[in-house]
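For reference, the structure is listed below as structure tokens.
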Amino acid sequence: MADTTKTIEIEVLRYRPEQDKEPFFQTYTVPFEDDWSVLQGLQYIKDDLDGTLSFRWSCRMAICGSCGMMIDGKPRLACRTFLRHYHPNKLRVGPLEHFPIERDLVVVVEDFIRKLESIKPYIIPKEPRKLEQGEYLQTPAQLEQFRQFSGCINCMLCYAACPQYGLDSKFTGPGVLALMHRYNADSRDGGRGERMALGHSEEGFWGCTAVTYCSEVCPKDVDPANAINQNKMGSAIDYFLRFVAPRGAGK
Amino acid sequence: MEVFKADVAIVGAGGTGLRAAIAVAEADPSLKVALVSKVYPMRSHTVAAEGGAAGVVQDHDSLEYHFNDTVGGGDWLCDQDVVEYFVAHCTEELTQLEHWGCPWSRKPDGHINVRAFGGMKIERTWFAADTSGFHMLHTLFQTSIKYPSIKRFDEYFCVDLVVEDGRCQGVVVIEVATGRLTFIQAKAVIMATGGAGRVFRENTNGGIVTGDGMALAYRHGVPLRDLEFMQYHPTCMPGTGLLFTEACRGEGGFLLNKDGYRFLQDYGLGPAEDKPRNKYMELGPRDRISQAIWHEEKKGRTISTPYGEVVHLDLRHLGERKLRERLPLIYELAEEYMDIDPAHSPIPVRPGIHYTMGGIYAKLNTETPLPGLYAAGECAGNGVHGANRLGSNSLVDIIVFGKLAGVEAAKFSKSTQFSNPAALETQAKAVQERAIGLVTKTGGKEKHSVLRREMGKSMENGCGIYRTAAEMQATCDKLGELRERYKNLDVEDKSNVWNNDWLGALEVGYLLQVAEVVAHSALNRKESRGAHQRLDGYEQRDDANYLKHTLAYCTGDGPPRIEYQDVVITKSKPGTRAYGAAGDKAEQERKKEAGHG
């Protein structure tokens, strides 16, 4: 077996609302293998050292989006961050920033879910089609228009990275705006006009102050900053078209 | 205790649960749906499915071919009426997903593209690069938001069914954030809780795949069917068990032993050719390939690593560009988790537990023997996959039968009334007391994490790729011991808010029960078929005695009682299951025989 004598200190933020007045850091010493993720370190703590530590996880392979947390101050997926990169130094793990802490590393995500639900994240068909008619034709180039933005795993790292969301949680935020763009840019969709009422607002694309840290931390290269930027452009064009074209023609 | 009334309650919000919820909402928007999930829906394990979903689209393909591949792939343990329905509805359901926005990969002309998959005669696997399950799940979740009649219970953990007057009338759930219990009174309940891969140690499954619905149905007298058939996927990451999709081979990847030799040609899958050929070599079915790797290990032709013996998945000849386009997640997994560039180095892989072929006994129309209870998707044992599931059949299973479960449960709910809640609430309160009792009781000695590890190890020893009576018996004994020790559990965390020490303990309770069914079902099946292979005098398929489904019944506090049930045969008489050149020969003989008949 691989060398098991190596250990690393992990400082984990603890907060149990029923008993702790305020959050504090608790340090655990964890033996680890070179290929262990931070998630595996936390699982070791949970299984072998302290069953009371709570955190979300499931797939272990950076696709379910459950295990987003702050790792040494950066928003990261615990399952795709490796302990060896911190060793021999210690490592500090906390809940995602800009969200209320529910307990330990678990944050309240309802605000994100409500926002996701609010933007009509589904196809509003440009031309309704019956199943008997088969699939919509969509060329690889048309798919490419939105493919990247459909890769969001809802891990919310971009929300923890976004200074604007941190200042004012009314801002719809990077992930959900990228999702709005994903549907707006889909050749099958005709719902852009319905969605852009929110998109045009201060809480929508214009709320972004173009820091682009969201795209830097995104584990799936969704590039929400790019999605937002494209829509600021689109939004501005829509705005000017209102003066030169009949109502609705700018959609 | 809070009570919520729903026409249909659905437990599980992965692909099956979401598809079922939408089907109920579309059948009748006045029906209230309670969609319960212990995680937010997009965390469900459908998300991790990679390769794609099968549906006949090409002119030279046919439903008959898909039927034959599925039934032969399942080693004739499939219920053929179920398979007929299944293959007839796959393409329609995949098209529905397309209309809802699923970003399927396309051909230059804009039509759906399809790729080759193991055990499939013609290319018919729809794919969205190598994150097909992820895209299907998010498409279904986002589409479900359109329907106001679907009331989601996100992060609610199901602790029991409520059964009264011989029918299922609701579920009791724990709100994870508060520890509070709610009784969801329902006219019909759909189980859509996924598989039970976590009964084994090394597996591709997410932490949530703990057989919850199977254990709950079982406790209420519903038999679990064919659970001895647990699928080993041949290409998993050593140690973690993370999945490298079969699409790696569908796209042309090779499997090599330590000498760089494509060893599958030694196991009836050859001859080896440079280009992938359907149902040959690396495009054989998962059971056969996992078994071949096991034999290579015994012959000393595998590669030793700290995480056990491995073979190589070689994708180098596909080139970086194609790998980035078709298999980007595989690229990421190899690079990030193993520090390997698959365009330049082969990937070490070994078989790991991947899929639960059996499950809650359900008929073609998804109803279980318990009136009011329906089951679909991986948690169901409706006989569609038989003794070995073909890759890309499960992502269609979940939508074809998820939809059907929604339609059937909606129909049932309209034919029945809410009964007097008093008796139901008494039951629900008893459930609540039992659930809370697990935390509040003192004096226990056992940690559930320890029981879980011992279970996983024992399952691997006794119920692995090849099995013997002695080893299976040892596992059965061990699981009996763990069942007793579980009674002496100590849950360390006594709090209410996000106490997943408590939920973990409940999950281990589910896992242990399902594990015991797997092991006893395996021990009792004295033949080799599909994913159930024995080395102790029962090396052959035995149609005379075992062309039958296993039905495992709960006996209370003890091992299951095992019964058997005939397989439904409609048009495919059990024949020789062969692949490669031998498969072609067997097919010709079947045709000749059919011609004479």
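So you know, we letter chains A, B, ... as the sequences are listed, proteins then strands, and number each from 1.
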Practice task
Measure distances from B:Glu93 to the heavy atoms of chain A and classify the residue's part below 4.5 Å as side chain, backbone, both or neither.
Solution key: neither
Exercise for the section: Report yes if the side chains of A:Gln138 and B:Trp104 come closer than 4.5 Å at any heavy-atom pair, otherwise no. Expected result: no
Practice task
Would you check if A:Leu131 and B:Gln96 make a side-chain contact, meaning some heavy-atom pair closer than 4.5 Å?
Solution key: yes
Handout entry: Ion pair check, B:Arg452 and A:Asp47, cut-off under 4.0 Å
Key = yes
Exercise for the section: With the side chain counted from C-beta on, respond yes when B:His135 and A:Ser150 share a heavy-atom pair under 4.5 Å apart, and no when they do not. Expected result: yes
Exercise for the section: Against chain A, label B:Lys107 side chain, backbone, both or neither, depending on which of its atoms sit under 4.5 Å from a heavy atom there. Expected result: backbone
Exercise for the section: Select one option (side chain, backbone, both, neither) describing which atoms of B:Asn500 are under 4.5 Å from chain A's heavy atoms. Expected result: both
Handout entry: Per-residue contact mode, A:Arg188 against chain B (heavy atom under 4.5 angstrom)
Key = side chain
Practice task
Taking only Lys NZ, Arg NE, NH1 and NH2, and the carboxylate oxygens of Asp or Glu, determine whether B:Arg453 and A:Asp48 approach each other closer than 4.0 Å.
Solution key: yes
Completion exercise
Bottom line for B:Lys146: the part with an atom under 4.5 Å from chain A's heavy atoms is both
Handout entry: A:Met61 side chain near B:Glu332 side chain, heavy-atom distance below 4.5 Å
Key = no
Handout entry: Side chain, backbone, both or neither of B:Ser105 within contact of chain A (heavy atoms, under 4.5 Å)
Key = backbone
Practice task
Could you tell me which portion of B:Asn496 (side chain, backbone, both or neither) has an atom closer than 4.5 angstrom to a non-hydrogen atom of chain A?
Solution key: both
Handout entry: Exercise: identify the closest heavy-atom pair between A:Ser58 and B:Ile208
Key = OG-CG1, 3.3 Å
Practice task
Counting only heavy atoms closer than 4.5 Å, note whether B:Thr131 contacts chain A via side chain, backbone, both or neither.
Solution key: side chain
Fill in the blank from the handout: Honestly, the part of A:Lys120 sitting under 4.5 Å from a heavy atom of chain B is neither
Problem - A:Phe149 and B:Pro103, any side-chain heavy atoms less than 4.5 Å apart - result: no
Problem - Heavy-atom side-chain proximity of A:Glu18 to B:Lys494 below 4.5 angstrom - result: no
Problem - Pair B:Glu98 + A:Arg129, salt bridge at N-O below 4.0 Å - result: no
Fill in the blank from the handout: Those residues of residues 93-105 of chain A that come under 4.5 Å of chain B on a heavy-atom basis, listed by number, are A:Glu102, A:Arg103
Exercise for the section: Identify which part of B:Trp498 has an atom lying under 4.5 Å from any heavy atom of chain A, answering side chain, backbone, both or neither. Expected result: both
Problem - Contact class of B:Leu329 relative to chain A, heavy atoms under 4.5 angstrom - result: side chain
Exercise for the section: Give, as side chain, backbone, both or neither, the part of B:Asn203 having an atom under 4.5 angstrom from any heavy atom of chain A. Expected result: both
Exercise for the section: Tell me, for B:Tyr337 versus chain A, whether the close heavy atoms (under 4.5 Å) come from the side chain, the backbone, both or neither. Expected result: both
Exercise for the section: Could you tell me whether the side chain of B:Tyr307 reaches within less than 4.5 Å of the side chain of A:Asp35, counting heavy atoms only? Expected result: yes
Handout entry: Segment of A:Phe55 engaging chain B (4.5 angstrom heavy-atom cut-off)
Key = backbone
Handout entry: Salt bridge flag under 4.0 Å for residues A:Glu135 and B:Arg106
Key = no
Problem - Under 4.5 Å from a heavy atom of chain A, the part of B:Thr204 involved - result: backbone
Problem - Heavy-atom side-chain contact between B:Glu492 and A:Asp50 under 4.5 Å - result: yes
Fill in the blank from the handout: In short, A:Phe82 meets B:Glu336 closest at the heavy-atom pair CE1-O, 3.2 Å
